[in-house]
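Before any comments, here is the structure.
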Amino acid sequence: MSEDTKQSLNRREFFSYLTVGWVMFTAAVGGMLSLAFRFSYPNVNFEPEMEFIAGGPTDYPAGVDERWKNSYGVWMVKQEGKLIALSNICTHLGCIPNWLPAELKFKCPCHGSGYYMSGINFEGPTPRPLERFKIGLQPDGKIKVDKTKVYRWEKGEWDNPDSFLEV
Amino acid sequence: MSDNGIAKKVRDTQVWKSIFRHGPPDNARNRAAVIAGNVFLHLHPIKLKKSGVQLGYTWCMGGLTFFIFLALTVTGLLLMFYYRPTAEYAFNDIVALREHVPLGIMREIHRWGAHAMVITVWIHMFRVFMTGSYKPPREFNWGVGVILLVLTLLLSFTGYLLPWDQLAIWAITVGSGMAKATPFAGNAGPGAMLARIGDFVMVSDKNDVRFQLLGGRFVGEPALLRFYILHCVFIPLVVGVLIAVHFWRVRKDGGISAPL
Amino acid sequence: MSENKEPGMAYNMPKLHKVMAILSFILFVTTVWVFLDDYIRPWKAIQVESLQIKRRHIEESLKAATKEIDAKKLAELKTSIAKGEEIVASRKKAIDASENDLKAVLTKMKAQTIKNGVSNGDVSAMNFQYETAKGHHEEKEAEKKLAELAKLKEEFNQGKDNLKAFQAEEKIIRAKIADLNKEVISTQKEMKDMTMKVTLLEAAKKTTDISPIFAIRNMPFVDYLDPTIKIQQIVINDVTDDRYFRQVPRVDRCITCHTFIDQPGYEKEKQPFRTHPKLDLMVGMESKHPMKVTGCTSCHGGEGQRTNDFVSVAHMPDSEKQEHEWVQKYGWKEPHHIPNPMFRLSQTEAGCVKCHSGVELIKGATVLNEGRMAIEKYGCYGCHTMGAWTENRRKPGPSLLKIAGKVDKEWFKSWVWEPRSFNKHSKMPAFFRQSNNSKPEFVRLNMAEVNAIAEYVYDKSKPYIPNEKFHPGNAENGKKIISQVGCLGCHGVEGLEEQSDKVKAYAGPWLTGLGSKVQPDWLVSWLKKPSHYQEDTIMPSMRLSDQEANDIATYLLSLRNKTFEALTFAKLDTKARDELLVDYNSAFDTHNGAMAKVAKMNDREKTLDLGKRSIGKYGCYSCHNLEGFDGYAGIGPNLVKEGSKPITQFGFGLQHQIPQERDKWIIAHLQRPSRWDEGIDKVFKDLNKMPNFYMSEAEAKKITVAILGQVSDVVPLSGIKKYDAGEELYNKGMKVAGKYNCMGCHQIDGLRGDILRNYADDINQGPPRLVNEGHRVQANWMYHFFGNVEPIRPWLQIRMPSFNLSLAEKNALVAGFQNGAHQGNFEEPEMEVSWAPGEREGAVKLWNSYNCVSCHSIGFTKDVAQAPNLHNVAKRLRPSWVRKWLKNPQAILPGTIMPSFFGDDGNVPVDPSIFEGNADKQIDALTKYVIELGKNQK
Amino acid sequence: MLRELINKLSDPIISFPLATFAFYLMLKYYKTFGSKKFAYWTVGLLIPVTVWFLSDPNFFSIISTPDNIPIIILLVCVGFFTWFAISKAAANDIRIEAGLGPIEATPEEREKVWSWPNLVYTELFAIIACTAFLVVWAIIFKAPLEESANPTWAPNPAKAPWYFLGLQEMLVYFDPWMAGVVLPGLIVAGLIAIPYIDTNPKGNGYFTFKERKMAITAFMYGWLVLWIYLIIVGVFLRGPNWTFYGPFEYWDFHKVVASFNVNLSEIIWIKTLGVGLPKNLVLREIFGIVLSLAYIIIIPPWMAKATRVGRDFFQNVGAIRYYIFMFLVLMTMSLPIKMILRWLFSLKYIVALPEWELNL
């Protein structure tokens, strides 16, 4: 090592080399570790779609619409100025009820649970009302139903503004 | 052992001598050498207090836990030859293991061994507590032991998913569902509501801890793969390292506990 | 260096710290680099750009939407809200009181809900206990429980009733509150409705903001939380990738960059931001191929999974210009390691094939259909297996079973040697005189082969005696008849080049030099009754009179090819013949053994043996019916998976000017197959045998599209276009129609109708277009018509020929048409006509006022008819079609001379005095009237 | 009748206090409990009782599920080793009371012996026995394998692995964030903290109860009653819909138990005060929040000042250890407290803030 570099290594600089070295090292290792963490979140995934675009609010007449029942398991119910996305899974044992337009009720063919158009249970063995899914209006005026978010009446979640759409 | 006959001839061969550098352990010197000169046995001290070899005092639960861990490693390795962690094959491979793979109880040994390990590790902890063996100077090793206990449960838990049957996915669904409720880091946990700006949701089912654990929003194929890796590679590695620390500390902290 | 060291130290610490600092710096930089490398992806820039484009579009529509809002009205509403608020404020006391009431009721409701919940639980639990007791036959216990249950139930019902009462109360109070606020609420709603569109657009615009939150969301590391810039993908379960014995659903990430592909409104943007040009057919949500189901690469091909690299996706340029552009822009190069690159834009229709298998013509796939028609023209499927759509077809060439009765042997040899020297439009390809077999020693052998083939064919030929005699007629008249009766639907004819070129008929041969080719008697027999010579011919009878047939024959025979006539083919070179035979035999024997074997045969045997072997070698039997070749397979390679054949399996020979690409090879191959042998030293028997069709580049390109589509991709059953029973029948019928070239004349549901191009000035003089023909005519009638053709439109010069249809074919055609029009076979038999009072009079009035008989004169006046005989309506047409036709003929046949009596929409009656001017009633009455005409006729 | 009685008794409402009481008796009379005579009597009694239990088809079907075998082994082990540890402790305590010191500290026990063969050989025996045991177990009982995974149909009840059933049982009383995250986290943290809180120098390396009463009582209560007992309940007594079923009860799918739980806020605002729930969330839950905070913040200093046990302990270990210990104890006790509140008042949540996913 040459004479002048040796001299430049005075105490102050020694400290700064030490600090710089270890700060950088820590930062670098932290960065690498954070990348490893980031690695555990895939950028794409192959899960089935839980969201769908359900047309415009005007596509639905008042009452129960069954167009999404088979593909997504959702009834669109328009009642008293509100449009809701109702799950078609019976809360008793998971059968699929039928909509009986003449009697204005959902009736489960398995054990006879009955629900009003709003999804509230009123007869049969079922313990609680049907579940609602998140529903919202997209900027292009189309309705988006998000099945990942469930609203349950008995939890008082039906007042949540995301659980219905004002029309 | 006799000093003549075939045994002696075998002992006198160069091969034998190259492996075992000491004579038969029938005198003090050789008894020390057999422990100290063997990479596996030198985990043990050369001599120990009498209470340390008495089952009534030690219950041998720690040792059994370690043995079962080894047995699980071996059976697990063998099972891996027949098992593919994919949604299409996982279940069928397990059926194969029970229906036509030779030594059809391999999976049974692995599964019951896993349960047995949970039991032995718990009772080991119970014994260590009851004899107050966590007290100084063994505080740190008690901590290591607690972590090992947690890892044992996690090993068992991650393995629970692999058969890919109803029992598996729903047990893991229930178990991993709790991660959802982690405060601030799970989408149904307290504080998750706060982590959002407009439609930018920072804690949702697409990015919370549960998603990280499962690689998805529900127990699906990515979860199977992740649990497989955790079960077969990641946790065993950590456990192995911690077991080494644990044993080393047993020796360094004065051997198996006894009244001071 | 050593003097600074502490004792026991090898290095001095400051130096170590310095090294540590430097290494840490390097590690740190590396880490930063990793972040950046991981983060910077080309598709991200594209998505950001697409965001800006979207913003621009939203801003435009926002401007339009804002303009739409009536500013004056809005201001009015605002003032009325203000006024309303004043009014409402004056009722503050009442409102407050009501709201207090509401609160009280809600509290009561909540308490009641809790009570009801408890008693509901009690009822259920008691019910279970009762049932259990009953189930265990503990009758006493059960009775006790039942009594308790009844009590609980009563309580519960009471509670429910209470709740209902509260609910009713709540409703009333809410209505009251709403009523008290009505001035404000209703106006507010009106205003909201008015500004709804703008509000939504504003919200949409916000999503395109490049704001700090946007930046954070898409920042490195943080971008796992909820990024807006992300890879988009479609998983296509209906098309799979072959991954080493496993079929894996295909994944397309094309939409990561092609962001607006499914959104209308971006048609004018540059790529990759452009909307799909056929949104109604492809990609669109409502289309038959929605994006989420069909994906992109199912049709376009290419590597849908890739996102990072324009080239690795296997984009393929459509032109050299584009290629050049891409090389400059993206560093494009040929994707060598990608088995199935994208189809070039002009070849995209190839992508239809793998799912739409089985049918020949796919609606909307123009290029592909033309390619397939070209394949049919040249009969490629004779030698090559080409998939379901070519299965069970007749042989493309004429039968040679009675060839001796048609042409003489000398003509035959010269023809085979070089068909084009006789007929420059020949569909028969040239096997000889090609660039790979023109060497003198090969020519010698070839000529021996041709001689032997001729000997063999004529040896096997059965005798044929024509059943007509030729009497020279008027050639000019013959030519006229040819141009009028419809020969041109299938044949091009010398002397009528202008018309022929327009039609581009290909089903039959181009007629030239017949005078140098056939016997006059044969020709007349053939014209009068083609099936007399060849039972299974598709050539129909035109029901020519003797005079007409002779006139046509006279004209055709006047066409002679003097140069060809002058040709004589060299005599059989026995030495060459023997050489070839020895060559054949030595495949399984030593040379000497082969010689001995050949020497044992006599001269005739040798010639016939070589003839048969040569026919087998060149595959003549694939196109022509020949005796002795039953069960022989086509000689060409199987083309069913040609579109997936690895590029390495294509032999490019020394043709370095041809790019190493599948489609380029096929195009080059089709135009001059012998090129691959050029410059290569090959023995005679190994020469490329694919003959030269002398096809144009355009044709070759179209055929290439059709062939490229035949890929090995496995399409699961769910992905294949499924035909219901009706569609299957339609396809079967159309196959028969294809075989007999019906579409050479008739345009069927918009497809083909080649000859119509000659009737551009008056389409009504051409063969009728068939639109929903199965609906128009009755099944029985159609079946009868195929067997006994009678002119429906006698004023037309073109004739519906009498085809030599089998029973099965007739049935298939009828069923096909019926089902194509969604008609049951025997639907709507002849209607009983029953009149309402006064209806018939109205019908007669209409009949007269429209003067139907002025065109439909047959059976009414002596005038020349310009429209079909209305007396046949009852047995020929379906009443429901007649109504549709009357209502709006232009909608069915644009350009028809049938007037639209009821206006363009079919709703405007001419005479409002009849049936109160109800167009539908008028149409109904007229229909009844024409049906009645037919009944009276009987 | 007896069966029905046992069914009724095993309902957690009754069996939990019973278990706690039994635990109290066990430690109160631990010398009797630890005697051989007691053990023989117990085994002698348990064998016919077990046989009688097993004769019931419902009980047998639950017990003999392959996946429940480990729990039976666990129970046998826990029973035996609890007794064994206490009997050893009792023996030592008698010696200590007599001034002899623990057995382990006698000179003959402290004598150093060779590891080879003494230790190595005993280890080998343990390994051989364990291997034989495992293999036999594996031969007799097939590892469970149910239907192939089906995400659309959940079995009822869906249970976690048995060693987590204590946690799942806690879910009845706590929301997942407590039962699944906070409490398990505290268990692990508390276990690690034990050596640092327990500063009692006695009882290091030998069995004793007398010298470490508090430590052993606290630990064993958590271990036996709050962990093992809950696992037993979770495994054997919870059926479809996580409803309670007695050991002899058939798991009838349709069993309904009257239960309708109410939040503290509802009890106070609606039932007691008769006004509606306030709109403001914090105001609505103010009683619960105050109570909870008081429980955690006020009790420890109050104990340290006002009670003798608290004062002594505070002085012995110092402030930090004291507060950490008290925190852990209070958190542990929150479970029985919550249970009792549920049974007595049908109380659902003390603090019910579902809007923030924050329920206590």
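A, B, ... follow the sequence lines: proteins, then strands. Residue 1 opens every chain.
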- Query: Can D:Tyr206 and B:Thr131 be said to form a side-chain contact (heavy atoms from CB on, under 4.5 Å), step by step?
  - Reply: CA-CA 5 Å; D:Tyr206 54 92; B:Thr131 57; 6.0 Å; no
- Message: Can you tell me which portion of D:Thr82 sits under 4.5 Å from chain B's heavy atoms? Options are side chain, backbone, both or neither.
- Response: both
- Whatever's closer than 4.5 Å to a heavy atom in chain D on B:Ile172 counts as neither
- Message: Is B:Ala168 close to chain D through its backbone or its side chain, or both, or neither, when contacts mean heavy atoms under 4.5 Å?
- Response: neither
- Item | Under 4.5 Å from a heavy atom of chain D, the part of B:Thr58 involved | neither
- With a 4.5 angstrom heavy-atom cut-off, which part of D:Asp67 approaches chain B: side chain, backbone, both or neither? both
- Verify side-chain contact (heavy atoms from CB on, under 4.5 Å) between D:Glu109 and B:Lys49, making sure each step is shown before the conclusion. CA-CA 7 Å; D:Glu109 288 293 320; B:Lys49 288 189 190 113; over 6 Å; no
- Query: Should B:Arg31 and D:Pro117 count as side-chain neighbours, where that means a heavy-atom distance under 4.5 Å?
  - Reply: yes
- Note on the structure: All heavy atoms of D:Gly205 vs all of B:Tyr57, minimum pair found to be O-OH, 2.5 Å
- Query: By a 4.5 Å heavy-atom criterion (distance strictly below it), what part of D:Glu104 contacts chain B: side chain, backbone, both, or neither?
  - Reply: both
- Name the region of B:Leu167, side chain, backbone, both or neither, that has any atom closer than 4.5 Å to a heavy atom of chain D. both
- Message: Show the nearest heavy-atom pair for residues B:Trp59 and D:Ala85, with the distance to one decimal.
- Response: CH2-CB, 3.8 Å
- Note on the structure: Bottom line for D:Trp356: the part with an atom under 4.5 Å from chain B's heavy atoms is backbone
- Item | Option that, when pairs with chain D are counted at under 4.5 Å, heavy atom only, ranks first among B:Met193, B:Arg107, B:Met61 | B:Arg107
- Of the backbone (N, CA, C, O) and the side chain (C-beta and beyond), which part of B:Val95 lies under 4.5 Å from a heavy atom of chain D, both, or neither? both
- Message: Given heavy-atom pairs under 4.5 angstrom as the criterion, report whether the side chain, backbone, both or neither of B:Ala28 touches chain D.
- Response: both
- Message: Which one wins on heavy-atom pair count under 4.5 Å against chain D: B:Gly104, B:Gly191, B:Ala188, B:Gly186?
- Response: B:Ala188
- Task: Taking atom types as modelled, find out whether D:Trp116 and B:His44 have a side-chain donor-acceptor pair closer than 3.5 angstrom.
- Result: no
- Contacting moiety of B:Leu149, where chain D heavy atoms sit under 4.5 Å: neither
- How many angstroms lie between atom CG of D:Asn118 and atom NZ of B:Lys47, to the nearest 0.5 angstrom? 10.0 Å
- Task: Check each atom of B:Met106 against the heavy atoms of chain D and say whether the ones under 4.5 Å are side chain, backbone, both or neither.
- Result: neither
- Item | Part of B:Phe129 lying under 4.5 Å from any heavy atom of chain D | both
- Highest number of heavy-atom pairs under 4.5 Å with chain D: which of B:Cys60, B:Ala171, B:Gly143? B:Ala171
- Message: Need one label for B:Tyr160: side chain, backbone, both or neither, based on atoms under 4.5 Å from any heavy atom in chain D.
- Response: side chain
- Query: Which atoms of D:Ala193 come close to chain B, meaning under 4.5 Å heavy atom to heavy atom: side chain ones, backbone ones, both, or neither?
  - Reply: neither
- Non-hydrogen atoms of chain D under 4.5 Å away: do they reach the side chain of B:Leu48, the backbone, both or neither? both
- Message: Using a 6.0 Å distance limit plus a 45 degree cone around the ring axis, check whether B:Arg127 lies over the aromatic ring of D:Phe84.
- Response: no
- Message: Looking at every non-hydrogen atom in both residues, tell me the closest pair between D:Val181 and B:Pro183 and how far apart they are.
- Response: CG1-CD, 3.9 Å
- Heavy-atom distances under 4.5 Å only: say whether B:Val174 touches chain D with side chain, backbone, both or neither. side chain
- Message: If I measure from the heavy atoms of chain B, does D:Asn359 come under 4.5 Å with its side chain, its backbone, both, or neither?
- Response: neither
- Item | Within-4.5 Å side-chain heavy-atom neighbours: B:Phe126 and D:Met220 | yes
- Message: Any non-hydrogen side-chain atom of D:Leu74 less than 4.5 Å from a side-chain atom of B:Val118?
- Response: no
- Message: Whether the side chain of B:Trp112 engages the backbone of D:Phe141 through a donor-acceptor N/O pair (distance < 3.5 Å, no angle test) should be reported.
- Response: yes
- Message: Quick check on B:Met178 against chain D: is it the side chain, the backbone, both or neither that has a heavy atom closer than 4.5 Å?
- Response: both
- Okay, D:Val188 and chain B: the region with an atom under 4.5 Å from a heavy atom over there is both
- When only pairs under 4.5 Å are counted, which of B:Gly189, B:Gly175, B:Ser257, B:Gly177 shares the most heavy-atom pairs with chain D? B:Gly189
- Task: Answer with side chain, backbone, both or neither: which region of B:Arg111 has an atom nearer than 4.5 Å to a non-hydrogen atom of chain D?
- Result: side chain
- Honestly, the part of D:Pro184 sitting under 4.5 Å from a heavy atom of chain B is neither
- Item | is_close_aromatic(D:Phe164, B:Phe157), centroid dist under 6.0 Å | yes
- Message: Rounded to the nearest 0.5 Å, what separates atom CD1 in D:Ile71 from atom CD1 in B:Ile119?
- Response: 8.0 Å
